[in-house]
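Residue indices begin at 1 and follow the sequence shown.
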Amino acid sequence: MPHLHIEKFKQIDFPKVCDEVSFNFIASNALHSDEKLIATTVEGEDFFLLVKEEENRSLLKTDKLTRPASIHNVHKALLAYAKAAGLHVITSNVPQAPKNIHLQEVTALKKIEYFANEFPQDKEVRIEVGFGSGRHLLHQAAKNPDVLFIGLEIHRPSIEQVLKQSVIQKLDNLLVLDYDARLFMELVPSNIVGAVYVHFPVPWDKKPHRRIISTSFIKEARRVLKVGGTLELRTDSENYYAYSYETFIAFDKITLQINKNKDIAISSKYEDRWKRQEKNIYDVTMINDEFSQELAIEGDFAFTKPGLSAEEIIALHNKTFRFEGGFIHFERVYRLKEGVMLRLSMGSFDRPEHLYLIINNEEVFYYPEYPLKSRSNLKAHKELNKVLHG
């Protein structure tokens, strides 16, 4: 992860603009004085820089929850803050090179709001979850120009590599998103997807609740798939294959195809590695047989004025509130110049949303963006409103 080790952290006067980077405000951890968050905007992307102060030096990097998909914007923000504050940098892994020429032309990288506001429905959609090196995704997009491909990935170097290739290959039918696929599926309209690809997902043998294949994910896949559409799992893990088969077959009615060591048109670098090691490759393909009802989600993320004082809100730190089908957990609390900020996890147990909430004398709002408008998040929002009202 890009970072700067600095001799001593220095705070600037907010707001401030330096080298086309806006530094908007600072939030200080209410319980741990060694942590601060700096609200930053670069090329329309809002995110936090994280400051961790240590005894002999401090660390400046991006906050994990809000870091943007563009690594270049992270680099730009770190260097700009160091310049604006006159920081003495001890060590750095941040390059000062200009933005890659191909990335300057990118239009494929989207934020979740793009899909939440108006999901593209003018052509068949296919979704790849965790595209890794992007070989399969790029091959499919080039081979099927009349299909819209949406690739989801959280590994930043993989995202940038695919974005470069999308420009080099002049692919105008490919969109890329850095987001949790389990949440993303909840806003996809029903009956528009031709295929969902889940190729070589992380096995998560010690944390099975983090696996992408689950009962809820399969339900959402069945809803978004067209009749005849497929959910395709490809894995080298016998444990993941066995777990997934049991999860699929638990449905009352389902059509599956099982293959072992099946050759496909394009293979990932991971698959090439497994084949050299003579590992077995397993495919479980679910074929959707049913037409689903249209997606309908009612509600909004408006807040009523909190009834709790700032100190009572700070006292919510590390508290968890459970309700039917979900929870709210107050992970951290921060003091602002005016008001407080909370870091939350909320929503359903198997696919929670992680976000920030700002509370001041005038308003209450999520930052830097609203949660995904899903049934579980809307329900969690109502419960959150109740907690803050007291």
Side-chain angles (χ1 to χ4, degrees), residues 115 119 121 123-132 134-137 139-141 143-144 147-154 174-175 177 179-204 208-260 262-268 270-271 281-295 348 350-351 374:
F115 299 97
F119 202 98
Q121 299 188 57
K123 59 179 69 173
E124 178 186 324
V125 172
R126 297 184 194 174
I127 299 168
E128 179 153 358
V129 177
F131 53 73
R135 284 188 194 175
H136 180 264
L137 180 65
H139 169 82
Q140 290 288 349
K143 184 180 176 183
N144 301 279
V147 175
L148 174 62
F149 287 84
I150 301 173
L152 293 108
E153 179 60 70
I154 61 173
L174 173 60
L175 300 178
L177 178 65
Y179 206 74
D180 188 325
R182 298 170 298 177
L183 294 168
F184 174 77
M185 291 288 281
E186 293 192 23
L187 61 77
V188 180
S190 303
N191 312 300
I192 69 164
V193 177
V196 177
Y197 306 108
V198 183
H199 287 188
F200 301 99
V202 177
W204 292 116
H209 66 281
R210 298 194 64 177
R211 289 171 176 161
I212 188 68
I213 297 296
S214 66
T215 299
S216 58
F217 186 84
I218 295 170
K219 286 180 180 178
E220 290 295 341
R222 286 160 69 108
R223 180 185 62 76
V224 307
L225 286 170
K226 303 191 300 184
V227 174
T230 57
L231 167 57
E232 303 179 14
L233 168 68
R234 191 166 175 83
T235 180
D236 63 291
S237 167
E238 292 191 13
N239 287 340
Y240 204 111
Y241 160 70
Y243 154 83
S244 299
Y245 178 79
E246 290 176 1
T247 306
F248 278 112
I249 211 67
F251 282 79
D252 290 337
K253 182 180 179 182
I254 200 163
T255 301
L256 298 177
Q257 288 182 350
I258 309 296
N259 289 282
K260 182 178 178 181
K262 173 185 176 182
D263 290 325
I264 59 175
I266 190 75
S267 61
S268 71
Y270 301 106
E271 182 170 351
I281 307 296
Y282 301 91
D283 286 276
V284 183
T285 302
M286 181 195 77
I287 303 169
N288 183 49
D289 297 318
E290 298 181 356
F291 187 84
S292 298
Q293 292 184 343
E294 293 299 319
L295 179 66
S348 64
D350 58 348
R351 52 189 188 282
S374 65

Can you name the closest pair of heavy atoms from [X] and [Y] and give their distance?
{"X": "Val147", "Y": "Glu124", "value": "CG1-O, 3.5 Å"}
{"X": "Leu295", "Y": "Val188", "value": "CD2-O, 3.7 Å"}
{"X": "Ala265", "Y": "His139", "value": "CB-NE2, 3.7 Å"}
{"X": "Ala195", "Y": "Glu232", "value": "CB-OE2, 4.5 Å"}
{"X": "Asn288", "Y": "Leu225", "value": "ND2-O, 3.2 Å"}
{"X": "Ile212", "Y": "Ala181", "value": "CD1-CB, 3.9 Å"}

Does any part of the side chain of [Y], heavy atoms only, come nearer than 4.5 Å to the side chain of [X], both counted from C-beta?
{"X": "Gln257", "Y": "Met286", "result": "no"}
{"X": "Phe131", "Y": "Ile150", "result": "no"}
{"X": "Asn191", "Y": "Glu294", "result": "yes"}
{"X": "Phe217", "Y": "Thr247", "result": "no"}
{"X": "Tyr243", "Y": "Ser214", "result": "yes"}
{"X": "Phe149", "Y": "Val125", "result": "no"}
{"X": "Ile218", "Y": "Phe248", "result": "yes"}
{"X": "Leu233", "Y": "Pro201", "result": "yes"}

Inset, instruction - Tell me, with the steps shown, if Phe251 and Lys219 meet side-chain contact (heavy atoms from CB on, under 4.5 Å). - result: CA-CA 9 Å; Phe251 282 79; Lys219 286 180 180 178; 3.8 Å; yes
Inset, instruction - Indicate the ring-plane relationship of Tyr197 and His136, choosing parallel, tilted or perpendicular according to the 30° and 60° boundaries. - result: perpendicular
Inset, instruction - To the nearest 0.5 Å, tell me how far Leu174 CG sits from Leu148 CG. - result: 8.0 Å
Legend entry - Spatial distance of atom CG (Leu256) from atom OG1 (Thr285) [nearest 0.5 Å]: 8.5 Å
Legend entry - Short side-chain donor-acceptor distance under 3.5 Å, Ser292 and Arg222: no
Inset, instruction - For Tyr245, look at atom OH and say whether over 12 heavy atoms of other residues, nucleotides or ligands are found less than 6.0 Å away. - result: no
Inset, instruction - Determine whether more than 12 heavy atoms belonging to other residues, nucleotides or ligands lie under 6.0 Å from atom CD1 of Ile266. - result: yes
Legend entry - Electrostatic pair Asp283:Lys262 at N-O distance under 4.0 angstrom: no
Inset, instruction - Take Ile258 and Tyr282 through the test side-chain contact (heavy atoms from CB on, under 4.5 Å) and record every step on the way to the result. - result: CA-CA 8 Å; Ile258 309 296; Tyr282 301 91; over 6 Å; no
Inset, instruction - Applying side-chain contact (heavy atoms from CB on, under 4.5 Å), run through Leu152 and Ile127 and close with a yes or a no. - result: CA-CA 8 Å; Leu152 293 108; Ile127 299 168; 3.4 Å; yes
Legend entry - Six-ring centre of Trp204, Arg211 cation under 6.0 angstrom, axis tolerance 45°: no
Legend entry - The single option from Arg182, Glu220, Glu186 passing side-chain hydrogen bond (donor to acceptor under 3.5 Å, both in side chains) against Ser374: Glu186
Inset, instruction - Any chance you could lay out the side-chain contact (heavy atoms from CB on, under 4.5 Å) test for Val198 and Glu128, step after step, and finish with the verdict? - result: CA-CA 6 Å; Val198 183; Glu128 179 153 358; over 6 Å; no
